[in-house]
Amino acid sequence: MKNLILVGFMGSGKTAAGKLAAARLGMKFVDMDEIIERRHNETVSHIFETKGEAFFRQQERALVRELAAEKDRVIATGGGIVLDANNLRDFGRTGVVICCWVDAGVAHERTKHAKHRPLLEADGDRRAQVEKLLRDRELLYKAIPLRIDTSAMTVEHQADEIVRVYKQQTGL
Ligand code: S3P
């Protein structure tokens, strides 16, 4: 089966709904941040802190190339995957890329207690940080043709939608 790639901002439910969708489709679930953390034996926050964001983006880029060559995977990407157009191009060649959209207010609600999101850990107004980052990336997310607005969805509903779109695209 073709890979199913979930793209979207932090708090868009890529991991939670992705796991459910993978179980329903009988596919293997993988989370890119988790793979990078395992390989480096450190958290994404720590990688950002000690090696910098550019280094993390290189690791992400290399992993995209690796995963795009696989099949039968539901892949939860990190929110910044859209920053390099090559990532979406590679994933799109071998899989179905679905954007999980989320409004800033909901993204903030879902991520406000998280400790593992280095881009939202600066001092100051966290809600404003979410709004700014999402505004900066909005066009990149909205350029993805297959898109689900998850803002008012439960995880179960989101997983149903993901499965529905994937089946429609692959003729399953
Ligand atoms: C990032 C999102 C994070 C993680 C890193 C950078 C981003 O993943 O890759 O903190 O640039 O939006 P999640 O979207 O899974 O939180």
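When reading the values below, keep in mind they use all heavy atoms of this one structure, side chains included, and skip hydrogens, waters and symmetry mates. Counting starts at 1 for both ligands and their atoms, in listed order.
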Undergrad: Look at atom 5 (C) of ligand 1 and say which protein heavy atom is nearest, naming residue and atom and giving the distance to 0.1 Å.
TA: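 In this structure, atom 5 (C) of ligand 1 has V44 CG1, 3.8 Å as its nearest protein heavy atom.
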Undergrad: Show which atoms of ligand 1 fall inside a sub-4.0 Å distance from at least one heavy-atom site of L119.
TA: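 With L119 as reference, the close atoms of ligand 1 come out as 7 (C), 11 (O).
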Undergrad: Between the side chains of R57 and E53, is the shortest nitrogen-to-carboxylate-oxygen separation below 4.0 Å, so that they form an ion pair?
TA: yes
Undergrad: If two hydrophobic side chains count as joined below 4.5 Å and joins carry through other members, does L119 share a cluster with L140?
TA: yes
Undergrad: Within ligand 1, which atoms have a heavy atom of F56 less than 4.0 Å away?
TA: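 Once the distances to F56 are compared, the set is 9 (O).
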Undergrad: For K14, take its heavy atoms, then give the atoms of ligand 1 lying under 4.0 Å from any of them.
TA: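 With K14 as reference, the close atoms of ligand 1 come out as 13 (P), 14 (O), 15 (O).
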Undergrad: What protein heavy atom is closest to atom 8 (O) of ligand 1, reported as residue, atom name and distance in Å?
TA: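 Its nearest protein heavy-atom neighbour is D33 OD2, 2.8 Å.
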Undergrad: Taking all non-hydrogen atoms of both residues, which atom of A107 and which atom of V130 are closest, and how far apart?
TA: CB-CG1, 4.0 Å
Undergrad: Any side chain to side chain donor-acceptor pair (under 3.5 Å) pairs touching residues 27-36, not counting sequence neighbours?
TA: T15-D31
Undergrad: Less than 4.0 Å is my threshold; does some heavy atom of R137 fall inside it relative to ligand 1?
TA: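 R137 counts as a contact of ligand 1 under the 4.0 Å cut-off.
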Undergrad: Only one of Q58, Q59, E42 forms a side chain to side chain donor-acceptor pair (under 3.5 Å) with K51, so which one is it?
TA: E42
Undergrad: Considering only heavy atoms, which of G80, A114, P118 lies nearest to atom 7 (C) of ligand 1?
TA: G80
Undergrad: Could you identify the single nearest non-hydrogen protein atom to atom 16 (O) of ligand 1 and state the distance to 0.1 Å?
TA: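 The closest one turns out to be R117 NE, 2.8 Å.
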Undergrad: Does ligand 1 have any atom sitting under 4.0 Å from a heavy atom of R57?
TA: yes
Undergrad: Quick check: does G79 get an N/O under 3.5 Å from an N/O on ligand 1?
TA: yes
Undergrad: Taking atom CG of L67 and atom CZ of R65, what is their separation to the nearest 0.5 Å?
TA: 12.5 Å
Undergrad: Less than 4.0 Å is my threshold; does some heavy atom of M32 fall inside it relative to ligand 1?
TA: no
Undergrad: Determine whether the aromatic ring centres of residues H46 and F56 are separated by less than 6.0 angstrom.
TA: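 Ring centres of H46 and F56 not closer than 6.0 Å.
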Undergrad: Who pairs with R24 by salt bridge (charged side-chain N to carboxylate O under 4.0 Å, His left out), at least two apart in sequence or on another chain?
TA: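 By the salt bridge (charged side-chain N to carboxylate O under 4.0 Å, His left out) rule, R24 matches D160.
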